[in-house]
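Note on naming: letters A, B, ... go to the chains in the order of the sequence lines (proteins, then strands), and numbering restarts at 1 for each one. Since this is a predicted model, take the numbers as computed values, not measurements.
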There are 2 protein chains.
Amino acid sequence: MSDSATTANDSSVQERLAASDLAREPVFLAIRLSSRGSADANRALAALGLKVRHYAVLALACSDLRPTQRELSQFLYLDPSQIVGLVDELEGRQLVQRRPDPRDRRSKVIVATASGRRFYAEARATVSTANEETLAALAPDDRDQLIRLLAAVAF
Amino acid sequence: MSDSATTANDSSVQERLAASDLAREPVFLAIRLSSRGSADANRALAALGLKVRHYAVLALACSDLRPTQRELSQFLYLDPSQIVGLVDELEGRQLVQRRPDPRDRRSKVIVATASGRRFYAEARATVSTANEETLAALAPDDRDQLIRLLAAVAF
DNA sequence: TATTGTTATACTCTATAACTATA
DNA sequence: TATAGTTATAGAGTATAACAATA
């Protein structure tokens with residue numbers, strides 16, 4: 001399920017769908033929100049040359065978690081081999097660094113550089129604007145509620 | 001973001017992540033629910049030889065919407081060329097039929113056969129069980145609330 | 001001239017297995 | 001013997017363009 005349809009986003013088309021059984025299934029609805037949300041976020045991030053997955057890695061590199069690549073793969077449900085490429089790209093743009101882990105020399109801790117932090121602040125604002133767009137149909141209270149419920153399922 | 005990590009699902013790993021900024025971003029959370037939900041649903045549907053996208057097409061073929069392939073592509077945010085293959089597989093298993101659209105001979109209406117309807121009932125029960133698993137962390141009221149909010153965003 | 005279903009093709013994403021260096 | 005990062009490769013999923021039939 002993704003964002004590739006041709007003439008979609010016709011509101012009457014979506015209204016017809018809303019009447020179906022499918023439209024009451026939580027997994028189906030989550031897939032839709034996810035694909036719309038990541039399409040919106042990717043569109044916004046494209047101006048910065050990022051995709052959501054780069055953004056997610058950068059966000060964690062800016063956090064105080066000091067994650068290893070292995071941990072990034074666990075946090076993001078991505079294969080360790082995919083983290084390699086994402087870190088490569090971010091490192092090539094000097095947004096993050098690979099640092100030896102003093103506790104285990106096999107591991108590499110991924111930390112943001114100073115410019116990586118500045119860039120993240122910018123990206124975060126961009127994503128936040130995209131989120132506004134995605135969740136425009138909800139009142140502020142409902143957004144908070146949605147975030148709370150999603151977090152409860154996710155963790 | 002998908003379901004490919006190696007030793008993930010360690011609850012302490014997820015607790016650490018819950019403390020990050022990322023864990024408050026609705027799009028990130030939706031991606032997680034979507035990937036977990038579709039992984040659960042796909043696992044359940046595998047016993048029936050279906051994936052969620054086949055299931056979605058079958059569900060709409062069983063509805064009273066009587067969708068054309070073009071409409072299916074709009075409903076599911078899939079490219080028309082992808083609908084072809086999904087309908088081919090379902091038709092090969094005699095679960096759905098392509099019927100000429102009397103109103104436009106270019107179009108083909110996709111309708112479920114009798115055995116398609118029986119099969120859908122079974123698949124629906126299976127998916128429902130998988131949903132229970134995915135949403136186990138939520139109380140019934142919270143589940144209803146989540147579905148309501150997701151539907152409000154999706155339509 | 002535009003649209004529906006279809007085919008073909010290229011591209012991205014995902015999954016898997018191996019290799020190296022460390023543990 | 002097992003694990004972290006890496007590489008390579010195959011497979012699935014996605015995007016794009018073209019074509020025949022019909023509008």
Handout entry: Short side-chain donor-acceptor distance under 3.5 Å, Gln74(B) and Arg16(A)
Key = no
Practice task
Would you mind checking if Glu71(A) and Arg66(A) are paired as a salt bridge, meaning a charged N to carboxylate O distance below 4.0 Å?
Solution key: no
Practice task
Anything below 3.5 Å on both distances counts as a pair; with that, list the stems of at least three consecutive Watson-Crick or G-U pairs involving DNA chain C.
Solution key: C:1-23 with D:1-23
Completion exercise
Residues joined to Val84(A) in its hydrophobic cluster, side chain to side chain under 4.5 Å directly or through other members, sorted by chain and number, are none
Practice task
Determine: side-chain N/O of Gln82(A) to OP1/OP2 of dT12(C), distance under 4.0 Å, yes or no.
Solution key: no
Handout entry: Residue-phosphate contact under 4.0 Å: Lys108(A) side-chain N/O, dT6(D) OP1/OP2
Key = yes
Handout entry: Pair listing, salt bridge (Lys or Arg N to Asp or Glu O under 4.0 Å) test, anchored in residues 133-142 of chain A, at least two apart
Key = Arg43(A)-Glu133(A), Asp142(A)-Arg148(B)
Problem - Which residues share a salt bridge (charged side-chain N to carboxylate O under 4.0 Å, His left out) with Glu91(B), sequence neighbours left out - result: Arg98(B)
Practice task
Step by step, work out the salt bridge (Lys or Arg N to Asp or Glu O under 4.0 Å) result for Arg117(A) and Glu122(A).
Solution key: CA-CA 9 Å; Arg117(A) 287 178 188 282; Glu122(A) 196 178 346; over 6 Å; no
Practice task
Starting at the 5' end of nucleotides 17-23 of chain C, put B wherever the base has a protein heavy atom under 4.0 Å, S where only the sugar-phosphate does, and a dash everywhere else.
Solution key: ----BBS
Fill in the blank from the handout: In numerical order, the residues of residues 84-100 of chain A whose heavy atoms come under 4.0 Å of DNA chain D are Val84(A), Arg98(A)
Exercise for the section: Output the single nucleotide from dG5(C), dA12(D), dC13(C) whose closest atom is nearest the side chain of Arg70(B). Expected result: dG5(C)
Problem - Heavy-atom pair with the smallest gap, counting every atom of Gly116(A) and Leu58(A) - result: O-CD1, 3.9 Å
